[in-house]
Colleague: 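Take this structure, written in structure tokens, and hold onto it; I'll ask about it next.
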Amino acid sequence: MRNFFFLQLQKHLEGLTNDKGEALVKTYDLWNEQVDFIEEEEPFARPAVFLEFMPYKWQMLSAATQTATVPIRLHIVTDWKGSSRKGSKYQLQTLERFSLLEKISRHLHNFLGNDGSVFFDMFRRTASDTNHNHSELIEDIEEYTFRVTQKL
């Protein structure tokens with residue numbers, strides 16, 4: 001399920017483009033504390049989206065089918081562009097990160113997938129965590145849940 005979901009998420013987010021048809025997200029990966037270990041990490045293009053699966057429990061629907069409500073976190077990493085205070089020449093550039101978060105959320109609302117064995121739907125944003133303590137990289141976190149059914 002996780003493999004299928006990650007690849008579907010990546011493919012879906014690749015469809016999120018700007019007015020010129022350029023992808024808004026440059027890097028997709030699984031979360032592995034990339035921001036905390038930036039000096040040791042392989043360089044990555046930004047904006048980047050890192051997927052973190054949170055713990056979830058499966059319930060049996062039948063002898064060979066399970067279902068779960070799966071919580072995930074998307075760690076959206078962008079570059080710090082400067083001060084957002086009034087009068088700053090960087091204010092609009094700096095606030096673009098919030099526009100990106102909203103575009104991602106709108107694009108993912110009702111996201112679903114089905115490969116015949118795994119079906120997921122009901123993709124909903126449930127929480128947002130804005131980073132207020134950053135240096136060159138900003139890591140904002142958006143939490144989502146979705147429902148999954150998997151045939152064993």
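Note that the coordinates shown come from a computational prediction; the quantities given were computed from them, not determined experimentally.
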Colleague: With a 6.0 Å cut-off on ring centres, are Phe50 and Phe44 close enough?
Modeller: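 Yes.
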
Colleague: Calculate, to the nearest 0.5 Å, the distance between atoms NE2 and CG belonging to His75 and Asn131 respectively.
Modeller: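 Separation between the atoms: 11.5 Å.
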
Colleague: Distance check, rounded to the nearest 0.5 Å: Thr78 atom OG1 versus Asp140 atom CG?
Modeller: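 Between Thr78 OG1 and Asp140 CG, I get 6.0 Å after rounding to 0.5 Å.
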
Colleague: By side-chain hydrogen bond (donor to acceptor under 3.5 Å, both in side chains), which residues pair with Asp129, not counting sequence neighbours?
Modeller: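 Per chain and number, Asp129 pairs via side-chain hydrogen bond (donor to acceptor under 3.5 Å, both in side chains) with no residue.
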
Colleague: So which atom in Lys26 and which in Ala45 form the shortest heavy-atom distance, rounded to 0.1 Å?
Modeller: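 Heavy-atom minimum between the residues: CB-CB, 3.6 Å.
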
Colleague: Between Val25 and Val49, what is the shortest heavy-atom contact and its length?
Modeller: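 Of all heavy-atom pairs spanning Val25 and Val49, the closest is CG1-CG2, 3.6 Å.
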
Colleague: Going only through I, L, V, M, F, W and Y residues with side-chain contacts under 4.5 Å, is there a path from Leu108 to Phe6?
Modeller: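 Linked, Leu108 and Phe6 end up in one cluster.
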
Colleague: State, to 0.1 Å, how close Thr130 and Phe98 come at their nearest heavy-atom pair, and which atoms those are.
Modeller: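 Smallest interatomic distance, heavy atoms only, reads CG2-CE2, 3.7 Å.
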
Colleague: Is a side-chain donor or acceptor of Gln34 paired with a backbone partner of Leu30 at a separation under 3.5 angstrom?
Modeller: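 Side chain of Gln34 to backbone of Leu30: a pair is present.
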
Colleague: Once you round to the nearest 0.5 Å, how far does CZ of Arg147 lie from CE of Met122?
Modeller: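 If I round to the nearest 0.5 Å, the distance is 5.5 Å.
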
Colleague: Ignoring hydrogens and angles, state whether a donor on the side chain of Ser105 or Arg125 is under 3.5 Å from an acceptor on the partner side chain.
Modeller: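 Indeed, the side chains of Ser105 and Arg125 share at least one donor-acceptor pair under 3.5 Å.
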
Colleague: Quick one: OG on Ser99 to CD1 on Ile104, what's the gap to the nearest 0.5 Å?
Modeller: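 Output value for this atom pair is 11.0 Å.
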
Colleague: List the atom of Pro55, the atom of Pro71, and the distance in Å for their closest heavy-atom pair.
Modeller: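 It is O-CG, 3.5 Å.
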
Colleague: With a 6.0 Å cut-off (strictly less than), is the heavy-atom count around CZ of Arg2, excluding the residue itself, greater than 12?
Modeller: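 For Arg2, atom CZ is not crowded (no more than 12 foreign heavy atoms under 6.0 Å).
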
Colleague: Hydrophobic clusters here meaning ILVMFWY residues chained together by side-chain heavy-atom distances under 4.5 Å, can you tell me if Phe123 and Ile141 are in one?
Modeller: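 No.
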
Colleague: Decide, yes or no, whether a salt bridge links Arg97 with Glu102 under the criterion of side-chain N to carboxylate O below 4.0 Å.
Modeller: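 The answer is no: the pair does not qualify as a salt bridge.
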
Colleague: Under 3.5 Å, sequence neighbours excluded: what are the donor-acceptor pairs made by side chains of residues 10-21?
Modeller:
from  : atom 1 : to     : atom 2 : distance (Å)
Gln10 : NE2    : Glu14  : OE2    : 3.3
His12 : NE2    : His107 : O      : 2.9
Asn18 : OD1    : Lys20  : N      : 2.9
Asn18 : OD1    : Gly21  : N      : 3.1
Asn18 : OD1    : Glu22  : N      : 2.9
Asn18 : ND2    : Glu22  : OE1    : 2.8

Colleague: Do Thr67 and Gln59 get their side chains close enough for a donor-acceptor pair, meaning under 3.5 Å?
Modeller: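 Side-chain D/A pair, Thr67 to Gln59: absent.
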
Colleague: Would you kindly confirm whether Leu9 and Trp31 end up in one hydrophobic cluster when ILVMFWY residues are joined by side chain heavy atoms under 4.5 Å apart?
Modeller: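 No, Leu9 and Trp31 fall in different hydrophobic clusters.
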
Colleague: Indicate if Val70 and Phe120 have the same hydrophobic cluster label, given that clusters are the connected sets of ILVMFWY residues with side-chain heavy-atom separations under 4.5 angstrom.
Modeller: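 Yes, Val70 connects to Phe120 through the hydrophobic network.
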
Colleague: Any link between Tyr28 and Leu24 through a network of hydrophobic side chains (Ile, Leu, Val, Met, Phe, Trp, Tyr) touching at under 4.5 Å?
Modeller: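 Yes, Tyr28 connects to Leu24 through the hydrophobic network.
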
Colleague: Is the ring pair Tyr56/Trp58 parallel, tilted or perpendicular, if the boundaries are 30 and 60 degrees?
Modeller: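 Tyr56 vs Trp58 ring planes: perpendicular.
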
Colleague: May I ask you to test the Glu142-Leu101 pair for a side-chain heavy-atom distance under 4.5 Å?
Modeller: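 Yes. Closest side-chain heavy atoms under 4.5 Å.
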
Colleague: Do Thr65 and Leu152 pass the side chain to side chain contact (heavy atoms under 4.5 Å, CB included) test, and can you show the C-alpha distance, the side-chain angles, and the key distance before you say yes or no?
Modeller: CA-CA 6 Å; Thr65 305; Leu152 301 176; over 6 Å; no

Colleague: Assess the residue pair Phe119 and Gln150 against the criterion (side chain to side chain contact (heavy atoms under 4.5 Å, CB included)); give the C-alpha distance rounded to whole Å, side-chain angles, the decisive distance to 0.1 Å, and a yes or no.
Modeller: CA-CA 6 Å; Phe119 172 73; Gln150 182 172 14; over 6 Å; no

Colleague: Which value, rounded to the nearest 0.5 Å, describes the distance between Glu42 atom CD and Thr27 atom OG1?
Modeller: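 Taking CD in Glu42 and OG1 in Thr27, the distance rounds to 9.5 Å.
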
Colleague: CG/Asn3 to CG/Asp115 distance, rounded to the nearest 0.5 angstrom?
Modeller: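 Asn3 atom CG to Asp115 atom CG measures 9.5 Å (nearest 0.5 Å).
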
Colleague: Using the ring centroid of each side chain, check whether Phe5 and Phe146 are separated by less than 6.0 Å.
Modeller: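 Yes, they do, as the ring centres are separated by less than 6.0 Å.
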
Colleague: Looking at Lys81, is its backbone amide N or carbonyl O close enough to the side chain of Asp79 to form a donor-acceptor pair, meaning the two atoms are under 3.5 Å apart?
Modeller: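 Judged by distance alone, no pair lies under 3.5 Å.
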
